[in-house]
Every structure is written in C-alpha cells, then in structure tokens.
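In what follows, a single structure is set out as structure tokens and then discussed.
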Amino acid sequence: MLNRSPRLLLTLLVFLAIACESEENSTDDFIEENANAPQISVEGITTEIEAFTQITVNITDDSSIVNNTLVINGEEVLKNTDKNFKFDINPFDYPTGENTFIFYSVDEDGNETKVENSFIIKKLLASIASPTLIVNGRVFMSANKMSGELITNVEVFKDFENVKLYADDNFTEQPIIITSYVMLGSDNLVFSEIKSIANIEPGTDLIKFQENARAFTENTYNPNPAYESFSFEIQEIESERIAQSFYGSNINGLGAFVDVSTGNVIEEPNGFLSNLQGRVSSNSNLNNLFLHTTNSTLDLSFERIRMEDYKYLFVNNPNNQSISYSQFLPPDKIGNIYLPNDVEGYFISVKGFKDETAFHNLTFSSMYTASLENTDNGAVEIPMINGFNLIISDMLFSINGYSSMSVSVVGEKSIEIPNWSAEKNQESIFLNGDFDLFNLFTSKTLPDGDRTVRWNYLHKKQDEVNLNIESFEFPEIIESLADANQFDLEIIKTPDIENIRLIGSTGNLKYEELLFDSQNGIPRPYNAAPVDIYTLKTILSGS
C-alpha cells in the first residue's frame, strides 16, 4: 500500500495532468511514482461541458480485474470492473456551474488510483449564425419551447455573429424553437423579419449545417474581400449580340472567386471586339477560367442566345490577352432536362464541377443560364462539356397560378411534380407526401399600410404539426420595440398571406441539412452526396 504522502502527491500530479488534457504526461508521471497502481487515462473531459460529451477511460494494470467507481457531485454514477469503457455526460443531467468528478480504480492487490477534476456545466440549447445586421436596425435571437414558452434571448451585435443560447436549471430537456428577429431602426421603419426553426434538439450545433450549406457565418464571412481587377479582349466576333454575351464565373472554394463579363463592344472591319472586365479574389487565381456565351449579360434589345449560339473556352491566365473568337467551341454534347406537362416558363442555371471532389470543395464554373416563356416539347437543352464530369442544374418554374417549383438536379433528368400537400385546420397542419421539411411563410401588412411583418416558420415533416403560433411568446425587448414603433405583435399571428414550401431530396439528407441555403433559395449541403433536391411552393389550403 502507498503511504499517504506519495499518494497525495500522485493524486495532485494526475489531477494536473488531466486538467491540462495531456494523456502522455499523465501516464509518465504515474509510472514514475508507482508502477504497481492502476494507470488511468481519461479522454474527453474539458474545463467546460455544454453539449452531450462522451468520456473514454483506459486503465492499465497487471491485475486481471480492477474495481472502478465514478462519483460526480458526491453521487455514485458508475461502478464496473472494465479496463476500457466509455460513459456519457449530458449537461442537462447536472446543475449549471462547477461540478466535481472523482474516479477511483482499485486493483486486486488493493492499490488505488484516484483522479479528481472539476468542470463547468453550461446547458447549450443551440449555436447558430445570426442574420446580417441592417443599417439602423437590430437583430435578436431567442429559444422557445415547442409549446411557445420563451426560454432565453440575446441581442446580436455584428454580421452573421455565431450565437450560443443557453438554458438555466429550470429547463427540462426537450425539442425547441430557435428564432431570429430583424427589427429596423427608427430612421427606416419598413418591416420586421422573423424566422423560426422548430424541432431542434438541445445542444445542436446549427453553425456546422450553415457552413456545409455555404451560408455565411462569423467564421466564413468577409465583409471586405480583397480582389484585383483584370481585363482582356475577344476579337473577330460575328455579331454584336454574341460580343455582348460573354460571361465567366468560377468559384474555387468558399470566398474564392473569379468573375468576368463584357465591358464594351467595338465594331471593327473584321467583326466585333469585346472588352471583358473581371475580378479575381486574393485567394483565387486565373488558371483555367471557363468562358461562355449567355443571355444573362444581354439587355432586351438583343435576340436571345439559343443553344446553337452557345460557345465556350477554357482560358489560362487571360489577363491582357487578345483571344480570337474562332478558338471558342460548341458543346461536346447537348443534354436534356424534361419538364412536367403544362409548364409555361422556366429559369435555369447550370453549374459544372470537374468531379465529386470538386463538388465537396465548392469548386465549380457557371456554364449556362436561360429563361423562356414556353417549351416546344417539354425539354430544356443544357450544354454538356467534357471538362465537367458533374453537372447540376438549378431550375425555377411555375405549375399553375399559385404553385411553383424550384429544383436542383444532377445531370440529365425527367422532372416530375411530387405528390405533396398541406392543409391547415386552425393551428394544426396536416402534411402528406415523402418530403423532409416544411416552411410556413406568413406576411401581415400593418394597418398603416407602410409596414409588413414577415414570419418564416420551419419544421421537420410530420403527419400532423401544431405550430402554436398564437401562444408563441416574444422576448420582452421585442415587445418593447414593437410598442415603441407601433407594431402590433398579436396582429402578425393572424396573417394576410400564408404560403408553404415543402422540401425533399432523393438522398438521405437530415432535416438540419435542408434548413439553410446560401443565395439561390435551394438548400444544398456540399459535404453530402450530390443528390436531387425538390422544393414545392404553394398556398396553404384550408387557411
């Protein structure tokens, strides 16, 4: 048996080693003091625990059996004879603040090792990047129970701030609603924007889902991206319409870009000359810039670019070059996306990725954009380029007078309208179809007629959902600002407009993976497989 003095010294050494999270030092110190007692390695303990955490314990000892005891805050929570095991710490099972962790291991000879530590418990409800601040405005975030009862709220002070919302010891672990409020200031009272994300499990890190969808967060947003300008020219172009249509947009990862478009056009004896002006970000380069003809740079005075007009060229470092239009090539193949019957118009944007690795790294080129009022045979032609082995097309088209679809599909496809529907009866919504998320959009014009309050409410798909909007509790600061600026918060609970957006994919995406989008309105987590994603927007029947 150890005498008291060495054991005391040993305990202190092990405690300090664990607190510094250094497994190697902990083992070395123990061997030096007493090689006969159990050697304990604890991994996963940090000074603060705010979300579900798994702790790993490894014990080395010559004995075939060791007797282990874990005591937290004076209460025995675990007892076993294992040399290697894991246990979980759920912060909602412990009081907020400092908690004491004591672990004993005794071998067959009675040699004992005691590891003691303390950690701070914080009950994280969710972490999320806020909306951007608006001039003269204020942004707030809150957490509510699914019943509508307010749990906590904070104010945001910078663009896309990473916000953490915490509960106190009165909160019982249960799904929650995370809400953002954009309130315009007294100099510009136009509208208030509210967005609620329901059915979030406490402890969820929503920021990682935002970043996977390439939405801005405090970690990724750069308010002043550095870039350099460049220019080059294309000569011997057959028509002014083609000369005006050149465009290039390459994304080389989050925040890295090259874009270029026609600046001005000059008529010359051997055709038209197009001066192209571009920008390249400091973290990108001009290697292998993809150029193509497009309608997006043409005004209404020009006839639209047809597929027979489509030409492309990969250009390496075009800065200050003079390029002949004769170098441009037609598509290597014409692909087709087949639309449902009775689609009268559409808008399409096509992106090209070298391969799936480029997709995950968000490295792609804009390939084609077009919008037409009608289709002859329900087919939309898209260019297929050998340099792009993965093609993704984002489309928007109307189905009838009150419904529209946005889709993001991989390769050539036949698109079918999914059999999705939603019906409202008082505060309950009944949902049908195989989708993953629904988004209720409401809008209320206030009595003065100058201000509109919009409320987006997102929820995972269930057969029946009770939104509890009428019982939703706003933070006191929101109520005070509303009163000061003549906003009637109760009025917005009975909106003028109620639309619904239903979202699903051909892949096995999580609800949280479909919550966020970057710019085009179609959520796409780039760390997931490149699957088809469908969004149906329609009125909410029965409302």
Side-chain angles (χ1 to χ4, degrees), residues 126 128-144 148 150 152-163 165 176-198 200 206-207 209-210 213 215-218 221 223 406 437-459 467-470 472-501 503 514-523 535 537 540:
I128 185 171
S130 75
T132 182
L133 293 171
I134 298 177
V135 176
N136 297 324
R138 299 173 72 178
V139 173
F140 301 86
M141 305 290 297
S142 76
N144 291 63
L150 180 68
T152 188
N153 65 275
V154 298
E155 184 169 1
V156 176
F157 295 100
K158 58 184 176 181
D159 286 326
F160 308 107
E161 181 176 343
N162 293 350
V163 175
L165 296 161
I176 57 174
I177 306 169
I178 302 298
T179 302
S180 61
Y181 310 81
V182 178
M183 308 286 290
L184 292 195
S186 58
D187 295 336
N188 189 20
L189 284 173
V190 180
F191 69 88
S192 174
E193 187 82 38
I194 303 173
K195 181 177 180 180
S196 295
I197 303 174
I200 297 299
L206 289 169
I207 294 173
F209 294 106
Q210 291 172 292
F216 281 131
T217 71
E218 181 182 316
Y221 175 65
S406 56
L437 175 151
F438 80 85
N439 170 204
L440 174 66
F441 170 80
T442 71
S443 177
K444 182 72 176 183
T445 300
L446 301 184
D448 59 16
D450 294 330
R451 291 173 289 182
T452 300
V453 181
R454 299 193 291 259
W455 193 344
N456 273 285
Y457 192 103
L458 292 90
H459 199 294
L467 296 180
N468 292 313
I469 288 178
E470 291 186 8
F472 189 87
E473 183 181 358
F474 294 105
E476 184 178 345
I477 182 64
I478 299 296
E479 293 180 341
S480 298
L481 288 171
D483 289 342
N485 296 310
Q486 290 78 52
F487 277 75
D488 188 341
L489 288 175
E490 293 305 311
I491 287 181
I492 70 174
K493 295 180 179 180
T494 55
D496 302 321
I497 297 173
E498 288 184 295
N499 292 330
I500 198 159
R501 197 166 60 120
I503 303 175
L514 292 169
L515 287 172
F516 306 102
D517 58 79
S518 53
Q519 295 179 357
N520 63 1
I522 303 174
T535 298
K537 181 180 179 181
L540 182 57

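The minimum heavy-atom distance between H459 and A198, with the atom names listed, is CD2-CB, 3.5 Å.
For the pair N144 (side chain) and E473 (backbone), a donor-acceptor distance under 3.5 Å is present. Under a 3.5 Å cut-off, the side chain of K493 and the backbone N or O of E470 do form a donor-acceptor pair. Side chain of S130 to main chain of E161: a donor-acceptor pair is present (N/O by atom type, distance under 3.5 Å, no hydrogens or angles).
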Intermediate values then yes/no, side chain to side chain contact (heavy atoms under 4.5 Å, CB included), L440 and I469:
CA-CA 11 Å; L440 174 66; I469 288 178; 4.0 Å; yes
Candidate pair T132 and V139, rule side chain to side chain contact (heavy atoms under 4.5 Å, CB included), full reasoning
CA-CA 8 Å; T132 182; V139 173; over 6 Å; no
Checking side chain to side chain contact (heavy atoms under 4.5 Å, CB included) for the pair S142/L150: CA distance, chi angles, key distance, verdict?
CA-CA 8 Å; S142 76; L150 180 68; 3.9 Å; yes
Between F516 and F209, does the ring pair (Phe, Tyr, Trp, His ring centres under 6.0 Å) criterion hold? Intermediate values first, please.
CA-CA 7 Å; F516 306 102; F209 294 106; 7.6 Å; no
Criterion side chain to side chain contact (heavy atoms under 4.5 Å, CB included) on M141 and T179, from CA distance to verdict
CA-CA 6 Å; M141 305 290 297; T179 302; over 6 Å; no
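Within the 4.5 Å cutoff, the side chain of D483 has no heavy atoms near those of the L481 side chain. Considering only heavy atoms from C-beta on, I128 comes within 4.5 Å of Q210 through its side chain. Considering only heavy atoms from C-beta on, I497 stays 4.5 Å or farther from P495 through its side chain. At least one side-chain heavy atom of L458 sits under 4.5 Å from a side-chain heavy atom of L515. Put simply, the side chain of F441 does not reach to within 4.5 Å of the side chain of I500, judged on heavy atoms. L165 has its side chain within reach of V154: a pair of non-hydrogen atoms, C-beta onward, lies under 4.5 Å apart. Contact of the I503 side chain with the T535 side chain is registered, since non-hydrogen atoms from C-beta on lie closer than 4.5 Å.
Interatomic distance, I177 CD1 to N468 CG, rounded to the nearest 0.5 Å: 7.0 Å. Rounded to the nearest 0.5 angstrom, I491 CD1 and D496 CG are separated by 9.5 Å. In this structure, R138 CZ and F157 CZ are separated by 7.5 Å, a value rounded to the nearest 0.5 Å. Atom-to-atom distance recorded for K444:NZ and L489:CG is 13.0 Å, nearest 0.5 angstrom. Atom CG of residue L467 and atom OG1 of residue T442 lie 10.0 Å apart, to the nearest 0.5 angstrom. Distance CD1/I478 to CD/E155: 8.5 Å, rounded to 0.5 Å.
Aromatic ring centroids of Y181 and F140 lie 6.0 Å or more apart. Within the 6.0 Å centre-distance limit, the rings of F472 and W455 are counted as a close aromatic pair.
One finds a salt bridge joining R454 and E193 here, because a Lys/Arg side-chain nitrogen approaches an Asp/Glu carboxylate oxygen to under 4.0 Å.
Classification of the F216-F160 ring pair by plane angle, with boundaries at 30° and 60°, yields tilted.
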